[in-house]
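Read through the structure below, which is laid out as structure tokens, and then see the notes.
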Protein chains: 2
Amino acid sequence: MGKVGMKQLAEMIGMSASTVSRAFRSPHLVHPKTRERILQVARETEYIYDAAAGDFSRKISTVIGVLVPTTKRSLFSESLLAIQDKTQEKNFSVIIGNTKYDSAVEAHLLKQFQGRRVAGMILTGFGLGHEKLVEDIIKSGIPCVVIWEKLDSDVISYVGFDNYKAAYSITKYLISLRHRRIGLIIGPYSKMGRTRKRLEGYRAALTDHGIAVDMSLVVEKDLDLLEGKQGMIRLLGLEQPPTAVFAASDTLAIGALAGAREMGCRVPDDVSLVGFDNIEFAAYCEPPLTTIRIPAYQMGQLAVRTLLEIIEKGTPETHQYCLETDLIIRDSCAEFKS
Amino acid sequence: MGKVGMKQLAEMIGMSASTVSRAFRSPHLVHPKTRERILQVARETEYIYDAAAGDFSRKISTVIGVLVPTTKRSLFSESLLAIQDKTQEKNFSVIIGNTKYDSAVEAHLLKQFQGRRVAGMILTGFGLGHEKLVEDIIKSGIPCVVIWEKLDSDVISYVGFDNYKAAYSITKYLISLRHRRIGLIIGPYSKMGRTRKRLEGYRAALTDHGIAVDMSLVVEKDLDLLEGKQGMIRLLGLEQPPTAVFAASDTLAIGALAGAREMGCRVPDDVSLVGFDNIEFAAYCEPPLTTIRIPAYQMGQLAVRTLLEIIEKGTPETHQYCLETDLIIRDSCAEFKS
DNA sequence: TTGTAGGCGTTATCAG
DNA sequence: CTGATAACGCCTACAA
């Protein structure tokens, strides 16, 4: 059974390849009867449309590239899922790359995507410091939309949220509970713009409420459970431990919870704790975690819509959406007394 | 700066396109000096190799398709991560699809991958009942390797583990702790082969130890936290509740933990609990969960290696690897007394 | 070691 | 509405 292509298909029916092609891509241009027959025979012969060749011929592909720091973070996966859902509807394919927060890998994958002539890209958490790189790609004719970060550039499209504001608000919540010594366990802000915004939000909330920022209460940790645990242990071991802790990701927070247990410290009785992200597990730990909800799915969805729009129009334009986050109050905080 | 292609590049240097092509793909066939110069100019002009065109021309692509039920399950992501790591080394791209356990979507994506002329596919948890589909694709000339399941077919390559055996062993562990009424909270085994194997392992362990299987202790639930919680509540509400529960995924188990708390039931004092998967959170819940470790990363890694090998050789061959799982004992089980 | 020519499967363009 | 033809960017014989 030698692979059938359009040509073979056309021959079988006694028709030109062009007509067959049209039957698939512009059905309205071909006589219903003819089309019917074509589709019919296509089914019988199990003809498979060669998308690669089509893309190549049309000089615009139906593949979009998605860059994610790591699919292991469940919220990124959530965005990714949304991207795929939307994308499948339109019969686009998604090629994916994990950067692992490493900018060399980032650069490599970007090149790879360009080489594949993707129709567009969605860049996750591609924040501050990389504007130039993204701008160049856009200039080269490949539309990009950045998600997970509100950017300062006015030429790059994004669908993000305000990390600064969100961190500010949850810190403020802790302050409203009368806490004054508030610890922070946070990802590597020195190398990640997005994370840095959270740090800034935390600091601003403190100073705005007349609390001096004490950097000995800030621990910079990699983003995983163990590090969260260690961070908490360190904070709790301080001469004057904090009465509340803001872990700048739920993963860190859940690790912190374990750390508190290990130190014989009850949450929220002895120390209050908040997270950030509202991953699913946050509601199921003990105690359920107060945190910030991030509209991950929504971001992915909107990003695809935006990207596809730009691709279709064919004109470079920029759209920017800053979505809202919510404070989700559960049971991991108590009012500070003394 | 009109895009430079190979032709332009060649012209600039006063050389034919073929030589340029060779400089990239078969460096040894071109004079070092010439190659040097080509690479040099390529860099200067920021030439980007058109992988899409190359693939098309060569009639075999450097893209592999990966199908996953959902990237949200962290262990699938782990395999996915491994796949990408390995794949990047070889300069292959990964196109991805989430099936959401839906076989219509599965079929659609499979077609999409075929249409893109992928060089090969890695199918995750594409178990029992779909052998025919996979075999057809292999016959059509696209190598496939299935991961996450040990298959019975001897023509399909896989890198999996034995769900039956793993479930058997953890059930047996519970039995060794003198439990006799052992509940099971499990995913939709009626539609998922992989899950069904776990059910069978559980049943076999029971009967092999002279315990009658009581289907009222088996609850079939979708795979998420809430369902796990509900499952536990239901089991604990029984006239004669189980003294131990096997949740056939850690997600379910963590939900179950919350369910137990809600019923005022302590783990492991009042009821023992085990999970399956050993996701990262398992070690950080309260109490830390006894579970089965799945070599997710390793599976992804080995799958790529296997796939690439088959692709390179160009001859259809089948490799099958069944990896080991481990029982990870933590603090969620106690011996049954009375 | 390098150049020439033809081809990969589809689509766009231009006639008919 | 349908057909013929060139073209997309690169690769692979084959020839030099």
Side-chain angles (χ1 to χ4, degrees), chain A residues 2-39 41-42 45-63 91 93 114-119 140-141 314, chain B residues 2-39 41-42 45-63 91 112 114-119 140-141 314:
Chain A
K3 306 270 163 292
V4 300
M6 257 186 194
K7 212 152 186 177
Q8 288 77 322
L9 236 185
E11 246 165 38
M12 284 177 196
I13 318 187
M15 199 144 302
S16 82
S18 336
T19 307
V20 176
S21 169
R22 280 189 285 254
F24 288 107
R25 313 206 49 88
S26 343
H28 56 285
L29 289 183
V30 33
H31 192 97
K33 195 94 193 243
T34 325
R35 184 180 52 206
E36 185 63 27
R37 177 136 175 60
I38 294 175
L39 266 12
V41 178
T45 57
E46 294 184 348
Y47 163 70
I48 296 179
Y49 174 81
D50 187 330
D55 280 4
F56 174 59
S57 169
R58 215 172 319 123
K59 285 176 353 200
I60 92 104
S61 81
T62 48
V63 177
N91 253 297
S93 297
Q114 282 191 81
R116 294 248 169 241
R117 301 298 189 261
V118 297
S140 87
Chain B
K3 306 268 162 293
V4 301
M6 256 186 195
K7 211 154 186 176
Q8 289 75 322
L9 236 185
E11 249 165 35
M12 284 179 198
I13 319 187
M15 198 144 302
S16 83
S18 12
T19 307
V20 177
S21 170
R22 283 189 282 251
F24 288 105
R25 313 211 45 94
S26 343
H28 58 284
L29 289 182
V30 34
H31 191 97
K33 196 98 194 240
T34 324
R35 184 181 51 206
E36 186 63 26
R37 177 137 174 60
I38 294 176
L39 264 13
V41 179
T45 57
E46 293 185 347
Y47 164 70
I48 298 179
Y49 175 81
D50 189 330
D55 281 2
F56 172 59
S57 167
R58 214 172 323 125
K59 287 176 354 199
I60 100 101
S61 79
T62 46
V63 177
N91 254 296
Q112 191 186 81
Q114 283 191 81
R116 295 245 169 244
R117 302 296 189 266
V118 296
S140 87

Legend entry - Net bend of the helix from C/dT1-D/dA16 to C/dG16-D/dC1, end axes of five pairs each, nearest 10 degrees: 30°
Legend entry - Which atom of A/Y47 lies closest to which atom of A/G5, heavy atoms considered: CE1-C, 3.7 Å
Legend entry - Any B/Y47 side-chain N or O less than 4.0 Å from OP1/OP2 of D/dG9: no
Legend entry - Length of the CZ-P vector between A/R37 and D/dT2, whole Å: 13 Å
Legend entry - Residue pair B/R35 / B/P27: nearest heavy atoms and the distance that separates them: NH1-O, 3.1 Å
Side-chain donor-acceptor contacts of residues 15-23 of chain A below 3.5 Å, not counting sequence neighbours, with atom names and distances?
residue, atom, partner, partner atom, Å
A/S16, OG, A/S18, N, 3.4
A/S16, OG, A/T19, N, 3.4
A/S16, OG, A/T19, OG1, 3.2

Inset, instruction - State the CZ-NE2 distance between B/R37 and B/H31, to the nearest 0.5 angstrom. - result: 13.0 Å
Inset, instruction - Grab the CD1-P distance between B/I48 and D/dC10 for me, whole Å please. - result: 11 Å
Which donor-acceptor pairs under 3.5 Å do the side chains of residues 49-61 of chain B make with protein atoms, sequence neighbours left out?
residue, atom, partner, partner atom, Å
B/Y49, OH, B/R25, NH1, 3.4
B/Y49, OH, B/R58, NH2, 3.4
B/D50, OD1, B/A52, N, 3.0
B/D50, OD1, B/A53, N, 2.9
B/D50, OD2, A/R117, NE, 3.4
B/D55, OD1, B/T62, N, 3.4
B/D55, OD1, B/T62, OG1, 3.1
B/D55, OD2, A/R116, NH1, 2.9
B/D55, OD2, B/T62, N, 2.9
B/D55, OD2, B/T62, OG1, 3.1
B/S61, OG, B/V63, N, 3.3
B/S61, OG, B/R117, O, 2.8
B/S61, OG, B/A119, N, 3.3

Inset, instruction - Tell me, with the steps shown, if A/T45 and A/Q8 meet side-chain contact (heavy atoms from CB on, under 4.5 Å). - result: CA-CA 10 Å; A/T45 57; A/Q8 288 77 322; over 6 Å; no
Inset, instruction - Heavy atoms of chain B, cut-off under 4.0 Å: which first and last nucleotide of DNA chain C, 5' to 3', fall inside that, if you could look? - result: C/dT1 to C/dG9
Inset, instruction - State the CD1-CD distance between B/I38 and B/E36, to the nearest 0.5 angstrom. - result: 10.5 Å
Inset, instruction - Starting at atom CE of A/M15, determine the distance to atom C1' of D/dA4, rounded to an integer number of angstrom. - result: 15 Å
Legend entry - Strand contacts (DNA chain C) in residues 16-32 of chain B, 4.0 angstrom heavy-atom criterion: B/S16, B/S18, B/T19, B/R22, B/L29, B/V30, B/H31
Legend entry - Those residues of residues 49-62 of chain A lying under 4.0 Å from DNA chain C by at least one heavy atom: A/Y49, A/D50, A/A53, A/G54, A/F56, A/S57, A/R58
Inset, instruction - Please report the shortest heavy-atom distance between A/Q114 and A/S140, naming the atom on each side. - result: OE1-OG, 3.8 Å
